[in-house]
Protein chains: 2
Amino acid sequence: MTTTAPETTTRMRSEERRALVLEAATRVFGERGYHGATTDAVARAAGVSQPYVVRMFGTKEAMFLAVLDRAVERMMDAFRAAVAESADAPEGIGRCIATNYVELLSDRGLLLSLMQAFMLGADPVIGPEARACMRKVYVFLREEAGMAPDEAHEFLATGMMLNTLVGLRMADDYEREPAVRELLDEVFPTKLEFLLSLRDRES
Amino acid sequence: MTTTAPETTTRMRSEERRALVLEAATRVFGERGYHGATTDAVARAAGVSQPYVVRMFGTKEAMFLAVLDRAVERMMDAFRAAVAESADAPEGIGRCIATNYVELLSDRGLLLSLMQAFMLGADPVIGPEARACMRKVYVFLREEAGMAPDEAHEFLATGMMLNTLVGLRMADDYEREPAVRELLDEVFPTKLEFLLSLRDRES
DNA sequence: GTCTATAAGACGATAGAC
DNA sequence: GTCTATCGTCTTATAGAC
């Protein structure tokens, strides 16, 4: 309403910077976990100063919750897109969502940050928030994606396994270990090439 | 060889204490993760002093690796017992292992410590060790349990999901959230009572 | 809005008594 | 073998300049 042109520009740039830091935080949290990640590492990854990222979110904990919120929001967006696509797709809705799910790995750390949160159920602040994320996903699968309980269960189990294998960096052993090759060939039947390509990117 | 009676007694008590600390460490690492756990918390859980637990393992990292080793060893023991049992069991070997798997939850933190390690694939020391654990389990399922690749895959996926739901403390919402109730009823069809009973134990 | 400097606290590890 | 005391470091968060 009273928004002037310069003010809008500033706001936009500010939000862009925030998005940049949030993305860097997603990567760092995904890689090292909540406690292992430092605000300094996030700052360096985003190319800003450490006190600045703290200022931006107030506390490290609030920053993690923001990362979590963004992650689950993006995930739901991808799922919703998959449901829309699957209307005129020959393969089932499950496969359709699964394909989009694996592609979420492009957003480095997104699925891993979620997974890291899932391991902190005992935390008094992060725990409830993480449980809410899981509920959100399950309710989506049941109500919007129209899965039966056992379908949703199987879908979630596969997702957790994918996340775990990515967190483990199991692809690092793909060439060296025949058993690993067999496992990954089984788990990522179509998207293996994509997965292996992710290894080569920076730390 | 030169072992005297008193020395043996001392050794035994010493190993018992070590086992006690290892068990406490398993609980603490499982709950807070590698970085979130402090040597002080482990010490308090074991009822000894903080410098003592550091002395015992040299470093926090070495202590975590010892926890990891014990965890995977206990898991394989449980699996081997299940395979032996399944010889004259009507249900498949998968169900038999799965039953023993859920009962591993009694050893508080054992499965969660493993899962925490799986999220640290990027760590230069813990990462390779964690991948070795996963390989060990997969090779066991394929070669000793006689599972086909897709059976082993499904078994692992279910296991990762169980671990995740336990790490999330999803059972805390069982009564309050109908969706959670539905999910847990689906995932833990026979062992739900057992799972819910675990909630009530101390922190 | 973003930085430098730094305070305050937590943590892993060591020294040394018993 | 186990403790108390403590050092040095790392880390979050604040103060304040620009």
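So you know, we letter chains A, B, ... as the sequences are listed, proteins then strands, and number each from 1. Nothing here was measured: the structure is a model prediction, and the numbers come from that model.
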Nucleotide nearest A:Ser14 when distance is taken to its side chain, options C:dG1, D:dG1, D:dA13: C:dG1
N/O-N/O pairs, protein side and nucleotides 3-7 of chain D side, under 3.5 Å:
| from | atom 1 | to | atom 2 | distance (Å) |
| --- | --- | --- | --- | --- |
| D:dC3 | OP2 | B:Ser49 | N | 3.0 |
| D:dC3 | OP2 | B:Ser49 | OG | 3.0 |

B:Leu20 CG to D:dG1 C1', straight-line distance once rounded to whole Å: 15 Å
Sugar-phosphate, base or nothing in reach of A:Ala37, heavy atoms under 4.0 Å: sugar-phosphate
Plane angle bin for A:Phe155 and A:Tyr101 - parallel if under 30°, tilted between 30 and 60°, otherwise perpendicular: perpendicular
CD/A:Glu193: more than 12 non-hydrogen atoms of other groups inside 6.0 Å: no
Out of C:dG1, D:dT12, D:dG1, whichever nucleotide has its closest atom nearest the side chain of A:Thr38: D:dT12
B:Leu110 backbone acceptor or donor facing B:Asp107 side chain under 3.5 Å: no
With A:Glu144 via salt bridge (Lys or Arg N to Asp or Glu O under 4.0 Å) - residues at least two apart: A:Arg80
Lys NZ or Arg CZ of A:Lys60 over A:Phe29 ring: under 6.0 Å, within 45°: no
Donor-acceptor contact below 3.5 Å, side chain B:Arg199 vs main chain B:Ala171: yes
Exam field: side chain A:Arg169 to backbone B:Gly127, donor-acceptor pair closer than 3.5 Å: no
Trace of the side chain to side chain contact (heavy atoms under 4.5 Å, CB included) decision for B:Glu154 with A:Glu186: CA-CA 10 Å; B:Glu154 192 187 326; A:Glu186 174 72 29; over 6 Å; no
Any donor-acceptor pair under 3.5 Å from B:Arg131 side chain to B:Gly121 backbone: yes
Distance, rounded to the nearest Å, where A:Arg32 contributes CZ and D:dT12 contributes P: 10 Å
Side-chain N,O (A:Thr39) to OP1/OP2 (D:dT11) below 4.0 Å: no
Euclidean distance, atom CZ of residue A:Arg44 to atom C1' of C:dT4 [Å, nearest integer]: 16 Å
Protein-nucleotide distance (B:Tyr34, atom OH; C:dC11, atom C1'), rounded to Å: 12 Å
Length of the NE2-P vector between A:His35 and C:dC11, whole Å: 10 Å
Near-strand residues of residues 56-66 of chain A, defined as heavy-atom separation under 4.0 angstrom from DNA chain D: A:Thr59, A:Lys60
